[in-house]
Amino acid sequence: MKVICRNNEMREGSFEEQWVKEAFWHTSAHVLAQAVKRLYPDTKCAIGPAISQGFYYDFAFSFSFGDEHLRLVEDEMRKIVAEALTVRVYEMEREEAAAYMRERDERYKLEMIENLPAKEMISFYRQGEYAEFCAGPHISNTCHIKAFQLLSIAGAYWRGDEKNEMLTRIYGISFPKVSELTAYLQRAEEAKKRDHRKLGKELGLFTIFEQGPGFPVFLPKGMVLKNLLIDYWRRIHHREGYMEISTPVMLDRSLWEMSGHWEYYRESMYTLQIDETDFAVKPMSCPGGVLVYQSKPRSYKELPMRLGELGLVHRNEKSGTLHGLMRVRAFTQDDAHIFMTKEQVIGEIQNVARIIDEVYTKFGFAYRVELSTRPEHSIGSDEEWEMATDALKKAMDGIGVSYVINEGDGAFYGPKLDFHLQDSIGRTWQCGTIQLDFQLPARFHIEYIGSDGQAHCPIMIHRVVFGSIERFIGILIEHYAGKFPLWLAPVQVKILPIAERFHDYAEETADRLEKAGLRCEMDERTEKIGYKIREAQLDKVPYMIIIGQKEAEAGEISVRSRDQGDTGSMSIEEFIEKIREEDGMHSC
RNA sequence: GCUGGAAUAGCGCAGUCGGUAGCGCAACUGAUUCGUAAUCAGUAGGUCGAGGGUUCGAGUCCCUUUUCCAGCUCCA
């Protein structure tokens with residue numbers, strides 16, 4: 001495929017190469033804009049880039065653009081592709097380009113041109129009657145866009161700023177071959193099948209009531225899963241010298257004023273009055289942790305003091321941002337606050353990073369680390385921020401963890417290391433964070449008595465590993481497509497008697513497996529074995545045990561694995577042994 | 001919050017031009033006692049998300065509202 005670049009150079013490349021894909025999708029976006037202008041000439045064009053999968057274009061329509069218009073635009077695009085328009089590139093002086101856009105009343109284009117450096121020549125790409133100022137590159141002819149589909153309409157703010165007017169964004173995908181489009185759409189269907197909202201409903205893990213938008217409800221099986229994760233979390237943190245505490249869900253306003261939340265986090269907090277005093281429901285557990293630290297005099301001998309808390313926090317998220325378990329208004333943070341001396345900072349950060357690595361590795365997640373620096377809206381001096389940011393860098397360098405810098409995305413009280421893990425469909429989610437905080441200890445005047453007999457202000461780390469247990473569960477559901485590993489499966493073994501007369505033996509088996517610590521269920525219905533297997537399989541239970549004449553006589557059990565199918569018969573002891581081996585691979 | 005869609009039985013869905021609500025699975029009852037992904041028959045189940053309006057008549061048209069979905073903004 002030929003790609004035409006800004007300097008009129010023609011390059012050749014295959015669609016598999018990223019830079020060709022970008023040119024291809026970029027031209028697709030231009031074809032979309034061309035079709036829109038043909039059908040609705042008074043529409044104003046904003047921007048239309050290629051994205052990681054496909055392209056979009058932002059328009060300002062003079063009417064409400066809906067799904068029915070999308071099909072019409074597609075038809076027009078088909079014509080443009082059939083016309084096999086050659087794409088040509090040429091340059092204009094800035095003033096000339098501005099005049100061109102002014103003449104056509106393309107106010108967004110004009111604004112963009114006016115924002116470009118003064119002396120620069122401005123490149124235009126033209127296909128047929130449609131010309132647009134654009135840095136390119138583009139493919140050389142519209143005829144290559146053989147297979148495309150407009151996927152969705154969405155609102156998007158001009159220049160991504162919520163204060164600006166909202167434009168209509170049209171998303172699309174395109175390929176040189178119809179087979180590639182079909183494959184893409186099939187992959188999208190597959191991804192939908194692992195959607196945690198769908199699986200959560202099908203597997204009876206969680207729900208969200210219409211009466212409580214953003215407030216997730218754990219059903220019995222989801223609760224088993226949540227508790228297993230919490231058990232695992234407790235084992236690790238106990239091993240690492242953490243103590244667990246629990247602080248109130250709501251506290252007096254004065255505390256939040258002291259911590260800075262009242263000023264810096266107010267719009268995200270739920271507030272209420274008790275006896276004419278303002279209270280806020282906690283959006284974070286840190287002030288409670290600080291109060292626990294402060295509850296008695298502390299010695300340097302107690303440091304580092306690691307206080308863990310599975311804190312239920314509430315945040316008033318905007319309604320449109322809610323998404324299953326991934327984005328909610330109430331969630332459990334696996335929080336901990338570590339109070340320490342200056343000398344202990346690096347070591348503690350590294351220790352937390354090791355825990356996060358251990359946990360993510362156990363679930364088979366890849367992750368990447370970002371260092372988020374001082375945001376605009378924040379407290380503390382530049383020196384403190386620099387020191388804190390430096391400490392985070394040093395700690396990561398010391399254990400050879402690489403990271404990228406995320407400017408201005410820190411918490412209002414300190415810089416942070418964010419751990420973004422990648423799920424099974426390539427999306428990334430922020431889960432773990434390590435935040436270094438010089439501010440809260442100072443604001444609360446907390447101290448410890450050092451070996452010199454003097455009072456000192458400790459340094460504090462806020463950190464989470466799962467991040468939010470709710471979100472982590474959502475990610476796990478999609479990561480495993482609902483097929484949880486044995487140690488996490490809400491039901492590990494389903495016992496399926498073939499007929500009623502084997503129920504006694506089945507119950508005896510269940511009893512022995514439960515005594516061995518397995519989570520069992522028995523399907524006592526008078527259904528055919530094929531039906532019971534089908535249902536257990538759809539429930540994604542790791543092991544099914546079939547019990548009939550043969551097993552009862554031999555005193556054995558037939559084992560069917562969710563993933564491998566029929567694995568033949570064995571004694572109960574053998575099965576328990578087999579399970580223990582498998583489970584052992586996953587315990588910490 | 002903003003833009004565009006959607007909401008019909010527990011779940012998945014159909015419902016034409018506005019004419020009085022249906023299918024499959026699940027549930028329940030009965031029969032069947034069965035060997036590795038769906039046994040058969042019957043029964044019951046609905047203020048068509050909520051509120052208002054237009055109309056002789058509204059699941060269907062209009063307005064308001066709630067929730068969900070795709071995004072934007074934001075974020076654990």
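Every chain is numbered from 1 and lettered A, B, ... according to where its sequence line falls, protein lines coming before strand lines.
A/Y108 and A/D58 are not linked by any side-chain donor-acceptor pair at a separation below 3.5 angstrom, with hydrogens and angles left out of the test.
For the pair A/V559 and A/M544, the minimum side-chain heavy-atom distance is 4.5 Å or more. In this structure, the side chains of A/V73 and A/M77 come closer than 4.5 Å at one or more pairs of heavy atoms.
For B/rA58, there is no paired base (Watson-Crick or G-U wobble, both distances below 3.5 Å). Pairing for B/rU65 goes to B/rG49, judged as Watson-Crick or G-U wobble with the two contacts each under 3.5 Å. Pair assignment for B/rG24: B/rC11, on the basis of Watson-Crick or G-U wobble contacts that are both within less than 3.5 Å. Summarising the base pairing, B/rA41 is matched to B/rU29 through a Watson-Crick or G-U wobble pair whose two defining distances lie under 3.5 Å. Base pairing annotation: B/rA70 forms a Watson-Crick or G-U wobble pair with B/rU3, both donor-acceptor distances under 3.5 Å.
The aromatic rings of A/F175 and A/W25 stand perpendicular to each other, their planes meeting at an angle above 60°, with 30° marking the opposite boundary.
Comparing the same atom, P, in B/rA21 and in B/rG46 gives a spacing of 13 Å after rounding to whole Å. The C1' atoms of B/rA14 and B/rU8 are separated by 10 Å, rounded to the nearest whole Å. Separating the C1' atom of B/rU39 from that of B/rG35 is a span of 15 Å, rounded to the nearest Å. On the C1' atoms, B/rC23 is 14 Å away from B/rG45, given to the nearest whole Å. Separation of the P atoms belonging to B/rU60 and B/rG15 is 15 Å when rounded to the nearest angstrom. As rounded to the nearest Å, B/rA9 and B/rC62 have C1' atoms that lie 28 Å from one another. Comparing B/rG52 with B/rU43, their C1' atoms are spaced 38 Å from each other, to the whole Å. B/rU47 and B/rC74 are spaced 42 Å apart, taking the P atom of each and rounding to whole Å.
If you check every strand for non-hydrogen atoms under 4.0 Å, A/S152 touches sugar and phosphate atoms only. A/A156 comes within 4.0 angstrom of sugar-phosphate atoms only, judged by non-hydrogen atoms across all strands, and of no base. Using a 4.0 Å heavy-atom criterion, one finds that A/F65 contacts the sugar-phosphate atoms exclusively. Contact annotation for A/E551: base contact, defined as any heavy-atom pair under 4.0 Å involving a base atom. Among the protein residues, A/E470 comes within range of no part of the nucleic acid, since none of its heavy atoms lies under 4.0 Å from any strand. Within 4.0 Å of A/I208, counting heavy atoms only, lies no atom of the nucleic acid at all. Using a 4.0 Å heavy-atom criterion, one finds that A/Y171 contacts the sugar-phosphate atoms exclusively. At the heavy-atom level, A/V313 lies nowhere under 4.0 Å from the strands shown. If you check every strand for non-hydrogen atoms under 4.0 Å, A/Q549 touches a base. Residue contacts for A/R197: at a heavy-atom cut-off of 4.0 Å it reaches the sugar-phosphate backbone alone, with no base atom in range. Using a 4.0 Å heavy-atom criterion, one finds that A/I498 contacts the bases of the nucleic acid, with or without backbone contacts as well. Using a 4.0 Å heavy-atom distance criterion, A/G467 is classed as a sugar-phosphate-only contact. Across all strands shown, A/S558 has heavy atoms under 4.0 Å from base atoms, whether or not it also approaches the sugar-phosphate. Residue A/E202 is out of contact with every strand shown, counting any heavy-atom pair closer than 4.0 Å.
Electrostatic pairing of A/K416 and A/D418 counts as a salt bridge here, judged by a charged N lying under 4.0 Å from a carboxylate O. Ion pairing between A/E74 and A/R71 holds under the 4.0 Å rule for side-chain N and carboxylate O.
Where A/R169 and A/G320 meet RNA chain B, the nucleotide closest to each residue was compared, and A/G320 sits on the side nearer the 5' end. Position along RNA chain B of the nearest nucleotide to A/D409 versus A/G565 favours A/G565 as the more 5'-ward residue.
A ring pair (Phe, Tyr, Trp, His ring centres under 6.0 Å) with A/F472 is found for exactly one of A/W233, A/F419, A/W429, A/F363, namely A/F363.
Here the range on RNA chain B touched by chain A, meaning any atom under 4.0 Å from one of its heavy atoms, is B/rG1 to B/rA76.
When ring centroids are compared, A/F412 and A/H261 come within the 6.0 Å threshold.
Residues A/G204 and A/K221 share a closest heavy-atom pair of O-CB, 3.6 Å.
For B/rC63, the base is anti relative to its sugar; the glycosidic angle deviates from 0 by more than 90°.
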